[in-house]
Amino acid sequence: FALMHCASRRSLRISWIYSSEGNTHALLRSNKMLLLLTINLTNLGCHSVFSILAAFFPQEAKAKGATDEMVGLIFASFACVIFVASPLAARLMSRHGKS
């Protein structure tokens with residue numbers, strides 16, 4: 001069963017619709033939204049951790065003898081790795097799928 005919202009001119013009508021294909025459209029839409037939400041929350045978490053690291057890492061690195069240039073290179077390497085690895089990960093995901 002799929003819950004469909006049918007908008008008419010005067011009111012919003014909710015009806016249950018069953019077809020031989022089941023609720024493929026509604027389920028697909030729901031799965032896409034869940035996937036989008038999961039990806040965005042994961043991305044937020046990863047970048048939050050990186051932001052927390054940026055608050056204390058430079059002082060710790062300087063205390064151990066690193067220069068400002070070295071600290072900058074360490075942080076820039078993160079962006080470079082993401083830039084290089086993203087297309088490779090996309091190819092692997094499209095080739096192997098979910099399994």
Side-chain angles (χ1 to χ4, degrees):
F1 290 99
L3 183 63
M4 303 293 290
H5 298 280
C6 303
S8 65
R9 289 184 182 160
R10 292 194 174 122
S11 65
L12 182 65
R13 180 178 63 144
I14 299 173
S15 61
W16 290 93
I17 298 174
Y18 177 75
S19 67
S20 61
E21 298 163 359
N23 59 354
T24 306
H25 182 68
L27 184 62
L28 181 64
R29 203 168 177 193
S30 175
N31 284 343
K32 284 184 179 181
M33 290 303 292
L34 181 63
L35 179 65
L36 181 66
L37 180 67
T38 304
I39 289 172
N40 283 322
L41 287 176
T42 303
N43 196 18
L44 176 69
C46 289
H47 288 289
S48 296
V49 169
F50 187 67
S51 296
I52 291 169
L53 180 65
F56 69 88
F57 179 75
Q59 293 85 12
E60 291 294 322
K62 286 179 187 175
K64 297 188 188 230
T67 64
D68 289 336
E69 291 82 16
M70 292 170 109
V71 172
L73 284 173
I74 290 169
F75 280 105
S77 66
F78 172 77
C80 290
V81 167
I82 296 297
F83 181 73
V84 170
S86 293
L88 299 173
R91 283 188 191 149
L92 286 174
M93 287 181 0
S94 65
R95 182 180 303 150
H96 297 289
K98 288 193 252 182
S99 57

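Applying the side-chain contact (heavy atoms from CB on, under 4.5 Å) criterion to T42, with sequence neighbours excluded, gives T38, C46. Qualifying side-chain contact (heavy atoms from CB on, under 4.5 Å) partners for L92, counting only residues two or more places apart in sequence or in other chains: R95, H96. In terms of the ring pair (Phe, Tyr, Trp, His ring centres under 6.0 Å) criterion, residue partners of F75 (sequence neighbours excluded) are, by chain and number, F50, F57. Remark: N43 engages H47 in a side chain to side chain donor-acceptor pair (under 3.5 Å) (not counting sequence neighbours). Judged as a side-chain contact (heavy atoms from CB on, under 4.5 Å), and not counting sequence neighbours, the contacts of I82 are F78, S86. With sequence neighbours excluded, the residues forming a side-chain contact (heavy atoms from CB on, under 4.5 Å) with T67 are E69, M70, listed by chain and number.
Across A66 and V71, no two heavy atoms sit closer than the pair CB-CG2, 4.4 Å.
Under the salt bridge (Lys or Arg N to Asp or Glu O under 4.0 Å) criterion, no residue pair touches residues 41-54, with sequence neighbours excluded. Screening residues 36-63 for salt bridge (Lys or Arg N to Asp or Glu O under 4.0 Å), with sequence neighbours left out, gives K62-D68. Counting only residues at least two apart or in different chains, salt bridge (Lys or Arg N to Asp or Glu O under 4.0 Å) contacts with residues 70-89 are absent. Sorted by first and then second residue, the salt bridge (Lys or Arg N to Asp or Glu O under 4.0 Å) pairs involving residues 37-58 (not counting sequence neighbours) form an empty list.
Applying the 4.5 Å side-chain rule to ILVMFWY residues, one finds that L34 remains a lone member of its cluster. Members clustered with I39: L35, by chain and number, using a 4.5 Å side-chain heavy-atom cutoff among hydrophobic residues.
L73 is not connected to F83 by any chain of hydrophobic side-chain contacts under 4.5 Å among Ile, Leu, Val, Met, Phe, Trp and Tyr, and they are in different clusters.
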